[in-house]
There are 2 protein chains.
Amino acid sequence: MSDSVALDPVDLEILRILQNDARTTYRDLASAVGVAPSTCLDRVARLRRSGVILGHALRLDPSRLGRRLEALLSVQVRPHRRELIGPFVERVRKLPESRALFHLTGPDDYLVHVAVADAADLQRLVLDEFTSVKEVARVETRLIFQQWSCGPLLPPGATHRPRPGAASA
Amino acid sequence: MSDSVALDPVDLEILRILQNDARTTYRDLASAVGVAPSTCLDRVARLRRSGVILGHALRLDPSRLGRRLEALLSVQVRPHRRELIGPFVERVRKLPESRALFHLTGPDDYLVHVAVADAADLQRLVLDEFTSVKEVARVETRLIFQQWSCGPLLPPGATHRPRPGAASA
DNA sequence: AGTGAAATCACAGTGGT
DNA sequence: ACCACTGTGATTTCACT
């Protein structure tokens with residue numbers, strides 16, 4: 001089901017470039033990796049079909065949308081049984097403040113990444129949507145001072161070796 | 001600098017659709033929100049200029065790239081001073097295993113989201129890149145059982161009300 | 001699988017309401 | 001602010017290697 005896919009260096013280079021800018025034209029892509037534009041199209045279509053590429057997402061600035069404060073909520077759901085955690089997960093996913101949700105090992109079962117307007121909004125969210133719910137045993141709130149995105153995601157051991165003539169911007 | 005931008009319902013609808021699929025054509029976008037394609041172009045260009053839209057990113061499936069295990073590392077950096085944390089952040093960002101990095105309030109200063117091949121790979125990463133570094137005082141590792149992405153990011157209070165005729169796929 | 005040419009279609013101005 | 005029109009150029013298909 002989720003087997004790895006065999007990727008040659010051309011595929012890797014395509015993925016690297018598209019992770020920087022997913023709207024790179026096939027023409028530019030082609031000249032960067034050294035194949036024809038139509039071949040690039042084939043490659044990308046295959047990467048989409050094989051499930052390596054899940055989709056294209058917009059990167060938005062939460063603070064420009066009036067969400068100036070982000071936080072991580074560690075949540076204990078007790079008792080930790082399927083009939084409780086299923087609805088919990090769905091409810092949290094539907095909150096407009098939620099950005100991501102993780103089910104983790106360790107004493108805190110869930111981690112929720114939220115983006116809110118301000119501290120008062122965060123307080124309201126925690127009180128109304130988490131601590132007031134009976135299956136939520138504990139919530140720990142940590143504010144995010146700063147966050148960084150990291151380098152492109154590539155297969156383990158993939159030596160990232162741009163070709164001599166390729167523009168790496 | 002990071003002031004919110006005034007967004008009308010058409011802008012919000014455009015953002016909602018583009019968050020589902022950032023490659024929606026202006027033609028489809030236009031028919032979905034009920035204005036002309038050229039107007040959509042204007043709207044999106046303004047959203048880019050005003051900084052609401054930061055860019056376009058590819059969503060990849062880590063497991064298809066051979067990274068079948070993800071984890072969150074809580075890291076204490078001591079002493080927590082600028083001359084130590086700057087290089088620490090840059091080093092972590094450059095690791096091919098890093099997906100995201102957060103600087104947080106609370107006893108654990110940093111949270112690192114990593115994607116690795118397997119448990120042995122995770123052990124290697126923690127031992128070689130974190131616990132062996134002298135400014136790293138403590139590392140706590142939690143595995144990610146499952147993760148979910150959440151609804152589209154919208155301004156606080158934006159009632160998400162899709163129009164009757166709009167295709168929401 | 002990869003290529004190159006040709007048809008189709010989207011994009012980005014311009015000008016007008 | 002919105003829309004219609006249009007040239008430019010990117011995307012996609014197809015016959016061929």
Side-chain angles (χ1 to χ4, degrees), chain A residues 3-60 64-65 155 158 161-169, chain B residues 3-59 64-65 155 158 161-167 169:
Chain A
D3 266 347
S4 318
V5 178
L7 298 170
D8 67 17
V10 173
D11 291 320
L12 294 179
E13 188 68 11
I14 287 174
L15 289 177
R16 274 212 324 111
I17 293 170
L18 288 180
Q19 277 183 92
N20 280 342
D21 178 7
R23 283 200 337 179
T24 308
T25 66
Y26 289 107
R27 210 165 141 270
D28 294 348
L29 208 51
S31 71
V33 303
V35 298
S38 48
T39 305
C40 272
L41 189 72
D42 275 358
R43 296 278 193 147
V44 173
R46 189 168 341 135
L47 290 169
R48 295 188 115 265
R49 275 198 310 274
S50 62
V52 175
I53 296 176
L54 295 171
H56 294 249
L58 218 53
R59 292 188 307 109
L60 298 182
R64 300 274 172 163
L65 288 165
R161 195 183 342 164
R163 344 196 125 197
S168 66
Chain B
D3 267 346
S4 318
V5 177
L7 299 170
D8 66 18
V10 173
D11 292 320
L12 294 179
E13 187 68 10
I14 287 175
L15 289 178
R16 273 210 326 110
I17 293 171
L18 288 181
Q19 278 182 88
N20 278 343
D21 178 7
R23 284 201 335 180
T24 307
T25 65
Y26 290 108
R27 228 161 126 261
D28 295 348
L29 208 52
S31 71
V33 304
V35 299
S38 47
T39 304
C40 272
L41 190 74
D42 279 356
R43 297 279 193 144
V44 174
R46 186 164 347 132
L47 290 169
R48 294 189 117 265
R49 274 199 313 274
S50 63
V52 174
I53 295 176
L54 294 170
H56 295 250
L58 217 53
R59 292 188 308 110
R64 302 274 171 159
L65 288 166
R161 196 184 341 165
R163 347 196 122 197

Legend entry - Selection from D:dC3, C:dT3, D:dA1 that lies nearest to any side-chain heavy atom of A:Val35: C:dT3
Inset, instruction - Determine to 10° how strongly the helix from C:dA1-D:dT17 to C:dT17-D:dA1 is bent, judged from the axes of its five-pair ends. - result: 30°
Legend entry - Close side-chain approach of A:Val5 to A:Leu47, heavy-atom, < 4.5 Å: no
Legend entry - Rounded distance in Å - CG (B:Leu29) to C1' (D:dC2): 15 Å
Inset, instruction - Could you state the atom-to-atom distance from NE2 of B:His56 to C1' of C:dC11 in whole Å? - result: 13 Å
Legend entry - Residue pair A:Leu7 / A:Pro155, side-chain heavy-atom distance below 4.5 Å: yes
Inset, instruction - Determine the sole option in B:Leu12, B:Val10, B:Ile17 for which the side chain to side chain contact (heavy atoms under 4.5 Å, CB included) test with B:Ile14 is passed. - result: B:Val10
Legend entry - Integer-rounded Å distance: C:dA1 P and A:Asp8 CG: 11 Å
Legend entry - Close side-chain approach of A:Cys40 to A:Val33, heavy-atom, < 4.5 Å: yes
Inset, instruction - Report the C-alpha separation of B:Asp11 and B:Arg16 in whole Å, then their side-chain angles, then the decisive distance to 0.1 Å, and conclude whether the salt bridge (Lys or Arg N to Asp or Glu O under 4.0 Å) test is met. - result: CA-CA 9 Å; B:Asp11 292 320; B:Arg16 273 210 326 110; over 6 Å; no
Legend entry - OP1 or OP2 of D:dA1 under 4.0 Å from side-chain N/O of B:Arg46: yes
Inset, instruction - Evaluate the side-chain proximity of B:Arg43 to B:Asp8: yes if any heavy-atom separation is below 4.5 Å, no if none is. - result: yes
Legend entry - Side chain A:Arg64, main chain B:Ser50, donor-acceptor under 3.5 Å: yes
Legend entry - Pairwise side-chain contact, A:Val35 with A:Leu29, heavy-atom cut-off 4.5 Å (strictly under): no
Inset, instruction - Take nucleotides 10-17 of chain D nucleotide by nucleotide from the 5' end and write B, S or -, depending on whether a protein heavy atom sits under 4.0 Å from the base, only from the sugar-phosphate, or from neither. - result: SSBB----
